[in-house]
Amino acid sequence: LAQALTDVATLTQGVLAGDVRAVARAITLVENDAPDAGTLLRALFPHPGHALVIGVTGPAGAGKSTLVDRLTAALRHQGRTVGVVAVDPSSPYSGGAILGDRVRMQAHALDPGVFIRSMATRGHLGGLAAATDDVLAVLAAAGRDVLLVETVGVGQDEVDVIATADVSVVVLVPGLGDEVQALKAGIMEIADVFVVNKADRDGAAQLVDEIQSLVALASQDARRPEIVQTVALRDEGTAVLLAAIETCRLDIETTGRLAEKRRTRIERQFERALHARLWRHAREHISEAERETILARLLRREQDPAGAADEVLKRMGL
Ligand SMILES: Nc1nc2c(ncn2[C@@H]2O[C@H](COP(=O)(O)OP(=O)(O)O)[C@@H](O)[C@H]2O)c(=O)[nH]1
Ligand SMILES: [Mg+2]
């Protein structure tokens, strides 16, 4: 145990010093919910760093990874360090990529100022969102200036992750039709900045108009999200997008929205931790055999699921 604690202490120091290898090890620990992960996260918690967390979401194929790559290059050009976390399971960073994407990200592979990680949530107690938050916490503690989080934005977990990023960027493309309509309805209120990517295609101006009218309807008094057109493939609009993100950050800092988002983020983290621990506790209270008995009772309709859950809670003294 003493050896393990020393290891965690060394690892903590390494992360706080921004050591890339320590960061990589720490991330693997927290992703896997390894026994030392809790100790490590607790030691890092008083060191939130100063990172600006930018969430990038949108449908698969919208060009999010391409855009993240362009933003990374632009940020590095400004001398800022970057961490990239891809939650998209089909992401090029995961290695399952088409060749072009892999070659693209390799431009940053040798730059210690860029740390790229795609999420693998093997066995994390709190699921995807908790795992992502933990990875972001490590990168922030390591002193990264900007953290970019890419997700496809399906599922409540992913939406939560993006919604509580400091600045939420929603990427849309012309010509997706109904799919975009549905998506827009779901993520309208979380967008701080809209990107119309693939502006080299027909219908970009029309999509901008559409978003504009939706935004006008949605936000009577709230801040109106900026809409930026980009052609990520040709690195067009990257600087404008970065400027829009910066303006947004200053804005939401002033209005208190940033503080509100950070409060919500930490509130969710607490709730997820509590939920995960309650769940684990409950699982430990019922044996596999009991589980089968309960399921059989439910299948025979002799008891309803809520009633069975109440019974377990009662036995736990809750
Ligand atoms: N025509 C066009 N294609 C783009 C643009 N940006 C990205 N792409 C292409 O769209 C495809 C999907 O891009 P990717 O970044 O992987 O999308 P993601 O799934 O949202 O991460 C790739 O083949 C990109 O080369 C753009 O601005 N214009
Ligand atoms: Mg992607």
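When a ligand or atom number is given, it counts from 1 through the structure's own listing order. Because only heavy atoms are used, hydrogens play no part in the values below, and waters and symmetry mates are left out as well, while side chains stay in.
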query = Hey, mind stepping through Arg272 and Asp133 against side-chain contact (heavy atoms from CB on, under 4.5 Å) and telling me if it holds?
reply = CA-CA 11 Å; Arg272 270 198 296 269; Asp133 279 339; 2.3 Å; yes
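Residue pairs satisfying the salt bridge (charged side-chain N to carboxylate O under 4.0 Å, His left out) criterion with at least one member in residues 53-63, sequence neighbours excluded, are absent.
Heavy-atom proximity to Thr66, at under 4.0 Å, picks out these atoms of ligand 1: 7 (C), 13 (O), 14 (P), 15 (O), 24 (C). Heavy-atom contacts of Asp200 reach the following atoms of ligand 1: 1 (N), 2 (C), 26 (C), 27 (O), 28 (N) (cutoff under 4.0 Å). Ligand-side atoms of ligand 1 in range of Pro59: 20 (O), range being under 4.0 angstrom from any heavy atom. Residue contact check: Ala60 has heavy atoms under 4.0 Å from atoms 19 (O) of ligand 1. Atoms of ligand 1 lying under 4.0 Å from any heavy atom of Glu150, numbered from 1 in the order shown and given with element: 21 (O).
Below 3.5 Å of separation, one finds an N or O of Gly63 facing an N or O of ligand 1. Considering backbone and side-chain atoms alike, Ala62 places an N or O below 3.5 Å from some N or O of ligand 1. The distance criterion of under 3.5 Å between nitrogen or oxygen atoms is not met by Arg201 with respect to ligand 1. Considering backbone and side-chain N/O atoms, Thr230 never comes within less than 3.5 Å of an N/O atom of ligand 1. Residue Val231 has no N or O atom closer than 3.5 Å to an N or O atom of ligand 1.
Judged purely by atom type and a 3.5 angstrom limit, Asp134 has no side-chain atom pairing as donor or acceptor with the backbone of Val30.
Looking at heavy atoms from C-beta onward, Val84 lies out of side-chain contact with Glu150 at the 4.5 angstrom threshold.
For the residues Lys198, Arg234, Glu236, the heavy atom positioned nearest atom 26 (C) of ligand 1 is part of Lys198.
The CZ atom of Arg144 lies 8.0 Å from the CZ atom of Phe115; values are rounded to the nearest 0.5 Å. Atom CG of Leu67 is separated from atom CG of Leu233 by 11.0 Å, given to the nearest 0.5 angstrom. Between the CZ atom of Arg117 and the CD atom of Glu31 there is a distance of 5.0 Å, given to the nearest 0.5 Å.
Contacts between Asn197 and ligand 1, counted as non-hydrogen atom pairs separated by less than 4.0 Å, involve the side chain only.
Ala199 does not count as a contact of ligand 1, since none of its heavy atoms falls under 4.0 Å from the ligand.
For Ser65, the nearest N, O or S atom to the Mg ion (ligand 2) falls under 2.8 Å.
Among Arg262, Lys261, Arg249, the one residue that satisfies the side-chain hydrogen bond (donor to acceptor under 3.5 Å, both in side chains) test with Asp166 is Arg262.
By the 4.0 Å N-to-carboxylate-O rule, Arg257 lies too far from Glu260 to be salt-bridged with it.
For the 3.5 Å distance criterion, the side chains of Gln303 and Glu311 qualify, holding a donor opposite an acceptor.
In Glu150, the N, O or S atom that comes nearest to the Mg ion (ligand 2) is OE2.
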